[in-house]
Every structure is written in structure tokens, then in C-alpha cells.
Amino acid sequence: QLQLVESGGGLVQPGGSLRLSCAASGFTVDFLGIGWFRQAPGKEREGVSCISSGGGATHYVDSVKGRFTISRDNAKNTVYLQMSNLEPEDTGVYYCAVLRSRVVGLCVLARNEYYVWGQGTQVTVSS
């Protein structure tokens with residue numbers, strides 16, 4: 001059974017940093033694309049970043065480019081989202097999810113392309 005568990009959220013001041021973790025079980029993260037999404041109160045869930053299977057492609061939504069970095073540790077079967085220079089607009093529940101497509105090197109940020117979701121971790125950026 002494929003499962004994902006997010007951790008690492010918390011309260012941070014603007015300009016601060018957090019590293020989110022997405023621990024996988026039931027599959028090997030190197031073989032599947034993984035995406036990070038976030039949902040702010042009253043807003044739709046949006047794609048933030050993704051990393052393809054096979055260690056190839058990564059993508060970021062424009063609002064986080066240059067501030068967030070997605071990476072994968074195959075030994076720990078975990079995908080990370082390093083978030084720096086955080087802004088209040090980054091506040092929300094962050095989820096990781098498994099990409100449906102098994103195409104190697106493919107990575108998309110469309111929510112309907114993902115089918116296994118974690119429970120989410122809250123990130124609050126506030127002074």
C-alpha cells in the first residue's frame with residue numbers, strides 16, 4: 001500500500017526557512033514522480049513543486065522559484081521541500097502526492113495527475 005507522511009511544518013517569521021519532509025512507504029520514491037501542493041484557507045489546492053522519477057526533472061510554480069528547492073534522498077525514501085525566504089503568502093497546509101504517470105522524467109503540477117496524498121503539514125508564516 002502506497003503511503004506518504006509529511007512533516008516539518010510550523011510557525012516561522014517572514015524571511016525564515018523550513019524544510020518539509022515527505023516519507024514514503026509501499027514504494028520507492030526514485031521510481032515515481034512526487035509533487036508538493038499547498039492549500040491556503042479559502043483557496044484551491046495549488047501545485048508548488050514536483051520531482052520526476054529517475055532523478056531528472058523538477059518544476060516550480062513561479063511564486064516560489066528561487067526560494068524553494070525540491071530534492072529526494074533515495075536511501076531514506078523521502079522527498080524534501082526546502083523553503084527559504086518565506087512570505088506570509090506561503091502560509092497553508094502542504095501536501096505531498098504521487099504522480100499517476102510512470103513516464104520517466106515527467107513532472108507536472110496538475111492536481112488531477114496525482115492519486116496518493118499525505119495528510120498534510122501546516123506552514124504558517126507570520127510575525
Side-chain angles (χ1 to χ4, degrees):
Q1 183 178 359
L2 280 65
Q3 288 189 317
L4 299 171
V5 177
E6 302 94 335
S7 61
L11 173 63
V12 63
Q13 293 185 341
S17 298
L18 283 174
R19 188 178 76 161
L20 305 184
S21 299
C22 173
S25 60
F27 70 100
T28 301
V29 293
D30 193 34
F31 294 164
L32 297 175
I34 302 293
W36 280 100
F37 292 75
R38 67 185 178 190
Q39 188 164 19
K43 293 188 176 181
E44 294 288 319
R45 192 173 299 187
E46 68 165 344
V48 175
S49 181
C50 61
I51 185 166
S52 68
S53 62
T58 59
H59 290 297
Y60 300 89
V61 68
D62 286 346
S63 60
V64 308
K65 285 180 180 177
R67 301 188 297 121
F68 290 12
T69 303
I70 191 169
S71 63
R72 178 172 53 218
D73 185 333
N74 293 334
K76 296 183 177 180
N77 213 31
T78 298
V79 173
Y80 300 100
L81 185 68
Q82 177 68 48
M83 307 187 296
S84 302
N85 195 19
L86 283 161
E87 303 169 353
E89 293 74 22
D90 296 317
T91 294
V93 180
Y94 282 69
Y95 303 87
C96 59
V98 178
L99 184 64
R100 294 181 191 275
S101 173
R102 298 296 185 261
V103 175
V104 175
L106 177 67
C107 173
V108 295
L109 290 179
R111 178 182 172 183
N112 60 0
E113 297 295 332
Y114 291 80
Y115 76 112
V116 177
W117 295 81
Q119 83 291 346
T121 185
Q122 175 70 46
V123 171
T124 303
V125 184
S126 175
S127 55

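All heavy atoms count here, side chains included; hydrogens, waters and symmetry mates do not.
Between Phe37 and Trp117, the distance separating the two ring centers is shorter than 6.0 angstrom.
Residues meeting the side-chain hydrogen bond (donor to acceptor under 3.5 Å, both in side chains) test with Glu46, sequence neighbours left out: Arg38. Applying the salt bridge (charged side-chain N to carboxylate O under 4.0 Å, His left out) rule to Lys65 yields the partners Asp62; only residues at least two apart in sequence or on another chain are considered. For Ser84, there are no side-chain hydrogen bond (donor to acceptor under 3.5 Å, both in side chains) partners at least two apart in sequence or on another chain.
The two residues Val125 and Thr91 make their nearest non-hydrogen contact at N-OG1, 2.9 Å. The two atoms that bring Gly105 and Ala57 nearest to each other are O-CB, 3.5 Å, heavy atoms only.
Here Tyr80 is tied to no hydrophobic group at all, with no ILVMFWY side chain closer than 4.5 Å.
The side-chain heavy atoms of Leu32 and Leu2, taken from C-beta on, include a pair separated by under 4.5 Å. The closest side-chain heavy-atom distance from Ser49 to Leu81 is below 4.5 Å. Using a 4.5 Å heavy-atom cutoff, the side chains of Phe68 and Val48 are in contact. You'll find the side chain of Asn74 stays beyond 4.5 Å of the side chain of Phe31, heavy atoms only. Using a 4.5 Å heavy-atom cutoff, the side chains of Val79 and Trp36 are in contact.
For the side-chain contact (heavy atoms from CB on, under 4.5 Å) with Arg45, the lone residue among Tyr94, Tyr95, Tyr114 that qualifies is Tyr95.
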Name the atoms and distances for all side-chain donor-acceptor pairs under 3.5 Å in residues 3-24, with sequence neighbours left out.
residue: Glu6; atom: OE1; partner: Gln119; partner atom: N; Å: 2.9
residue: Glu6; atom: OE1; partner: Gly120; partner atom: N; Å: 2.9
residue: Glu6; atom: OE2; partner: Cys96; partner atom: N; Å: 2.8
residue: Glu6; atom: OE2; partner: Gly120; partner atom: N; Å: 3.4

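For residues 75-88, the salt bridge (Lys or Arg N to Asp or Glu O under 4.0 Å) pairs, not counting sequence neighbours, are Arg67-Glu87.
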